[in-house]
Amino acid sequence: MEVSPSSAGLLIYRPNIVRPILDSDAAFYRPNGEHDFAAITRVAAAGEQGELLGYGARNYFEPQGALVTITTESGIIYMFFVSNPDMAEAFARERALDIQDYTAAPVNVSIDYP
């Protein structure tokens with residue numbers, strides 16, 4: 001695990017997990033041949049880190065993305081993100097389990113497909 005402060009905030013990542021994502025589209029993530037930290041810092045500062053965070057889409061404005069919303073039982077939003085539609089359910093389930101593990105409270109998940 002790498003932990004480094006940057007202009008984009010505190011970045012905590014596992015190189016063995018994010019490197020394959022960074023390498024999957026070098027033209028986007030490493031346009032100038034950047035190392036992992038520089039590439040992550042740049043996309044995080046630009047708000048394009050959704051794939052690295054496990055959301056399945058680079059940013060909230062993905063035109064073909066599915067909007068995932070995770071709320072408390074009373075409707076308070078814990079988080080929302082956009083995912084590729086074919087992976088939205090899996091990503092939503094993973095994030096919901098993260099929240100349930102942390103809060104020990106049930107959550108509601110909704111997915112709005114394009």
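- Residues P15 and D36 share a closest heavy-atom pair of CB-OD2, 4.2 Å.
- Test I70, V107, V109 against R95 for side chain to side chain contact (heavy atoms under 4.5 Å, CB included) and you get one pass: I70.
- Under 4.0 Å is where a charged nitrogen must lie from a carboxylate oxygen, and between R30 and D23 at least one such pair does.
- By the rule that hydrophobic residues join a cluster once side-chain heavy atoms approach within less than 4.5 Å of another member, F61 and V82 end up as members of one cluster.
- Hydrophobic clustering, with ILVMFWY side chains joined whenever heavy atoms are under 4.5 angstrom apart, keeps L53 apart from Y13.
- The shortest non-hydrogen separation linking Q100 to P106 is NE2-CA, 3.8 Å.
- Note that CD of E51 is 11.5 Å distant from CE of M87, once rounded to the nearest 0.5 Å.
- To the nearest 0.5 angstrom, R58 atom CZ is 9.0 Å from L52 atom CG.
- Less than 6.0 angstrom separates the ring centroid of Y60 from the ring centroid of F80.
- Residues P85 and P114 form a side-chain contact, since some pair of their non-hydrogen atoms from C-beta on lies under 4.5 Å apart.
- Atoms CG and CD1, on N108 and I77 in that order, are 11.5 Å from each other to the nearest 0.5 Å.
- How far CZ of R93 is from CD1 of I111: 8.5 Å, rounded to the nearest 0.5 Å.
- Contact between A88 and A66 at its shortest, heavy atoms only, is CB-CB, 3.9 Å.
- Residue I40 holds its CD1 atom at 9.0 Å from CD1 of I21, rounded to the nearest 0.5 Å.
- R42 approaches Y29 most closely through the heavy-atom pair NH2-O, 2.9 Å.
- In this structure a side-chain-to-backbone donor-acceptor pair under 3.5 Å is present from T103 to A105.
- Atom-to-atom distance recorded for L22:CG and I17:CD1 is 12.0 Å, nearest 0.5 angstrom.
- Contact between Y55 and F91 at its shortest, heavy atoms only, is O-CD1, 3.4 Å.
- Residues L67 and F81 do not share a hydrophobic cluster, clusters being chains of Ile/Leu/Val/Met/Phe/Trp/Tyr side chains in contact below 4.5 Å.
- When all heavy atoms of E34 and A39 are compared, the pair lying nearest together is CB-N, 3.9 Å.
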